[in-house]
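For reference, the structure discussed in these notes is given below.
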2 protein chains.
Amino acid sequence: MTQSTGGGRRARRVTLADVAGRAGVDKAVVSRVVNDDPLLNIRPETRARVLAALKELDYRPNAAARSLRTSRAGTVGLFIPDFANPVYTEIITGAETAAAERGCALMVGSSTAGRGGAQSYLDLLGQGRVDGLLLAGGAITDEEQATLADRGLPWLFVNRRGPAAGRHVILDDVLGARMAVEHLLDLGHRRIAHVGGPAGADTAHRRRDGYITALRSAGVEEDPRLLVQGTYGPEGGAQAVHRLLDGPEPPTALFVANVTSAIGVLSALRAHGVAVPGEMSVVAVHDLPLAEYLIPPLTTVRMPLRALGARATRLLLSVPADHPVEEVVREPIELVMRQSTAKPK
Amino acid sequence: MTQSTGGGRRARRVTLADVAGRAGVDKAVVSRVVNDDPLLNIRPETRARVLAALKELDYRPNAAARSLRTSRAGTVGLFIPDFANPVYTEIITGAETAAAERGCALMVGSSTAGRGGAQSYLDLLGQGRVDGLLLAGGAITDEEQATLADRGLPWLFVNRRGPAAGRHVILDDVLGARMAVEHLLDLGHRRIAHVGGPAGADTAHRRRDGYITALRSAGVEEDPRLLVQGTYGPEGGAQAVHRLLDGPEPPTALFVANVTSAIGVLSALRAHGVAVPGEMSVVAVHDLPLAEYLIPPLTTVRMPLRALGARATRLLLSVPADHPVEEVVREPIELVMRQSTAKPK
DNA sequence: CTGAAAGCGCTTACAG
DNA sequence: CTGAAAGCGCTTACAG
């Protein structure tokens, strides 16, 4: 409980009063200078003195005192299911950048720590630690939803539509899926299967819609046997391939809902002796640096995940908590052609 | 600047005074009950009244007020170079768990946001936002190092040894590397190359040491041409393979310093028509869920990254800032045998 | 066994 | 143009 000193040295905390004393003004003045108060009318020479004192003493405002006074934490919270999922790391990076632009810190929590669940993250946050909460992916229980409501905290769902609240920012997953499927159609494929995401996932739902829309627009009749549910992990992709290949009339192309799942797909295809892209074309949602180094290099649809994280953060910080937000981020979606797709033989 | 209300509803903030009023005691008493003050001698019925009031009003302590009073933030900071690197996500998860055990929140920042550098992260943190700082990987400039020293903040280097300060927690990379190389030696390989990490990386240095030690212990003479520097990304791995294969007497096995790099290695090997493990064995440091789905499934050395993150957090929170810390985490390192290694032909 | 009081370091109307 | 004062919500010796 002793005042901690820095890795080996001591540093008495510099306060506004110290700076004021040195500059020969009241601390209120220093405060106004520090915060660039536009209403402050100060003699240039006084300001110069204050600025000099600030610099000499290397003053840093105490976050807790400021936050107590203004009831603003200057921090936004982001809750994700898992740090290991590259999709979330992109969202985090975007959110971090946008928060930093606003002078805010970002506090990311995942459900892997603690007993899991947003509940323990919310408990840890206590009161006043964050000014708002971004909820990315994963499931939120009714209880957590209620806690959220009680907390008096603005929140925003990211990459998924929330249960009831009209407060979310998502990507155009329908378009992304359509671009992938249309690429396969353009190559001449007609028997195109979809390795979907998990049942509960909102993104999985939207990508499936895009798949179906693309097929219909092209006048290709749907075959329910070509629609296989997976997970967003490699094992789900691998299992889906087993099921698909066992069918009577296997597809010539696969649209996979997630790049991580596609890694499992490629592996399973190889195990079955099916050549990619010779006998089977594969395209997946989300681009990753390693996609280029898969065997074969994977054709993907690059979604603007960073822009999503950034946009959500800005919206959370600017739109009043009681206003609805239902936004689809319109940054360009890109088809990244590599070597896992080709004309059907 | 108005008091924000939660996603559509309003919630007046409940304070200690509210609870005290309802329970008919002083707020000091409530505070002591909330904090489980062992010196508090309270009549059971009074405590019950306080507890009831606490619950009815759903009281949550205000983090800012508490922190201002105690000058403890209840938060630890973790600075990483990049969220996209799976190595760091494992460390984060471990740190998050350990912090939560102590009732602390974790604030992760990366150099990708802002202009980059630990400096902007430190600036954002201002004063009093975190009780200590974990610095994982990446480079720290002299200026940043100085800022750190001035800040009066305890810090700890994670997975790398700091410049001067004897404050770090690392893994036994030498042992991990030895286990990998000894596995190749056991299979009968003698021409074993090492695709190393980047020049500045402390882990890269230690893994190279382990490689050399293993070779010497087995009486295998080193060949400097078999020691190629890479990066920790796939492109570095791929380039290293090109160089290695161009040499006069190519190796029969590769020890790769990082799993991400190994993905590039596998890709390049395939491009060169070199069969794995038929003509070349490959083993890499760090295990990942997707390693099992690479082609072929990659043999790896699993390092205890979560334990590293957790241990560092506990140490940061418990060891006084002016004590040296030089710890090697001794959790088991495991060789995960899959299908990328075999006897030389 | 419980209460009154001081003070952590800020910001912000208000006074002069 | 600048200063004095109140108060954000806690915790903690101290008094009784």
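Lettering follows sequence order; numbering is per chain, from 1.
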* To do: Name the nucleic acid region contacted by A/Thr46, choosing base, sugar-phosphate or nothing; use a 4.0 angstrom heavy-atom cut-off, strictly under.
  => sugar-phosphate
* Quick one: do B/Arg314 and B/Glu101 make a salt bridge, cutoff under 4.0 Å? -> yes
* Asked: Atom CG of B/Asn62 and atom P of C/dG9: how far apart are they, to the nearest Å?
  -> 17 Å
* To do: Please figure out whether A/Lys27 or A/Asn41 has its closest DNA chain D nucleotide nearer the 5' end.
  => A/Asn41
* To do: Indicate yes or no: does A/Arg167 engage A/Glu326 in a salt bridge with an N to O separation below 4.0 Å.
  => no
* Asked: Hey, does the side chain of B/Asn159 reach the backbone of B/Ala136 with a donor-acceptor pair shorter than 3.5 angstrom?
  -> no
* Toward the 5' end of DNA chain C, by each residue's nearest nucleotide, B/Ala65 or B/Arg43 -> B/Arg43
* Measure from CG on B/Asp26 to P on D/dC14 and round the result to the nearest Å. => 18 Å
* To do: Taking only heavy atoms on the protein side, list every residue of residues 28-35 of chain A lying under 4.0 Å from any atom of DNA chain C, sorted numerically.
  => A/Ala28, A/Ser31, A/Arg32, A/Asn35
* To do: Send over the distance from B/Leu68 CG to C/dT11 C1', rounded to a whole Å.
  => 13 Å
* To do: Send over the distance from B/Arg69 CZ to C/dA5 P, rounded to a whole Å.
  => 16 Å
* Asked: Closest heavy-atom contact between B/Val50 and B/Val19?
  -> O-CG1, 4.3 Å
* Judged by modelled atom types alone, do B/Arg13 and A/Ser71 share a side-chain donor-acceptor pair under 3.5 Å? -> no
* Does B/Val25 reach the side chain of B/Val30, with side-chain heavy atoms less than 4.5 Å apart? -> yes
* To do: From the options C/dT12, D/dA4, D/dT11, select the nucleotide whose nearest atom is closest to the side chain of A/Thr70.
  => C/dT12
* To do: Provide, to the nearest angstrom, the distance between the CG atom belonging to B/Leu16 and the P atom belonging to C/dA5.
  => 17 Å
* **Whole-Å distance separating the CZ atom of A/Arg66 from the C1' atom of D/dG9** => 18 Å
* Using modelled atom types only, decide if a donor and an acceptor are shared between the side chain of A/Thr70 and the backbone of A/Arg66 within a distance under 3.5 Å. => yes
* Asked: If every non-hydrogen atom of A/Met107 is compared with every non-hydrogen atom of B/Ala105, which pair is closest and at what distance?
  -> CE-CB, 3.1 Å
* To do: Starting at atom CG of A/Leu40, determine the distance to atom C1' of D/dC1, rounded to an integer number of angstrom.
  => 8 Å
* Asked: Between C/dA13 atom P and A/Asp37 atom CG, what is the distance in whole Å?
  -> 10 Å
* Kindly say whether A/Gly309 contributes a backbone atom to a donor-acceptor pair with the side chain of A/Thr313 at under 3.5 angstrom? => yes
* Asked: Any stems for DNA chain D, made of 3 or more Watson-Crick or G-U pairs in a row, each with both distances under 3.5 Å?
  -> C:1-3 with D:14-16, C:5-12 with D:5-12, C:14-16 with D:1-3
